[in-house]
Amino acid sequence: MDEKFVTIYKTIGENLRDKRKEKKLSQQQLADLAGKIDRSKISDIENGKEDFLFSTLLKICAALDLNIDQIFKKF
């Protein structure tokens, strides 16, 4: 992952984690809802450690019933 984008990845991950917890879902439940995403990938994304595909982000947002712009709220 490019070091200049670490803060952005961490912010996205924190926002996704907050929304997941708000909906009282475990990482495994979210992974199952998002389809073909491993629980460990959810963990890595939430912790800002994963350089994910945009399509993965869209799947997670759909599973959480979020608009994509909602996860960029701290920018």
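Partners of Ser40 under the side-chain hydrogen bond (donor to acceptor under 3.5 Å, both in side chains) rule, at least two apart in sequence or in another chain, are Asp38. In this structure Leu33 satisfies the side-chain contact (heavy atoms from CB on, under 4.5 Å) test together with Leu25, Ala63, sequence neighbours excluded.
Put simply, the side chain of Leu57 reaches to within 4.5 Å of the side chain of Leu16, judged on heavy atoms. Looking at heavy atoms from C-beta onward, Asp44 lies out of side-chain contact with Lys41 at the 4.5 angstrom threshold. Two residues are said to be in side-chain contact when any heavy atoms from C-beta on lie closer than 4.5 Å; Asn47 and Arg17 meet this criterion. Side-chain atoms of Glu14 and Glu46, non-hydrogen and from C-beta on, never get closer than 4.5 Å to each other. In this structure, Ile12 and Asn15 have side chains that are not in contact, with every pair of non-hydrogen atoms separated by 4.5 Å or more.
To the nearest 0.5 Å, the span separating CD1 on Ile37 from CD1 on Ile42 amounts to 5.0 Å. Note that the OG atom of Ser26 and the CG atom of Asp32 stand 7.5 Å from one another [nearest 0.5 Å]. To the nearest 0.5 Å, the span separating OG1 on Thr56 from CG on Asp51 amounts to 10.5 Å. The distance from atom CG of Leu66 to atom CG of Leu58, rounded to the nearest 0.5 Å, is 11.5 Å.
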- List the steps and the verdict of side-chain contact (heavy atoms from CB on, under 4.5 Å) for Cys61 and Ile71. CA-CA 8 Å; Cys61 286; Ile71 61 164; 4.1 Å; yes
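Here the closest non-hydrogen pair linking Leu64 and Lys23 is O-CE, 2.6 Å.
Only one option out of Gln29, Gln27, Gln28 pairs with Arg39 in a side chain to side chain donor-acceptor pair (under 3.5 Å); it is Gln27.
Residue pairs meeting the ring pair (Phe, Tyr, Trp, His ring centres under 6.0 Å) criterion with at least one member in residues 42-70, sequence neighbours excluded: Tyr9-Phe52.
More than 12 heavy-atom neighbours from other residues, nucleotides or ligands sit within 6.0 angstrom of CG on Asp69.
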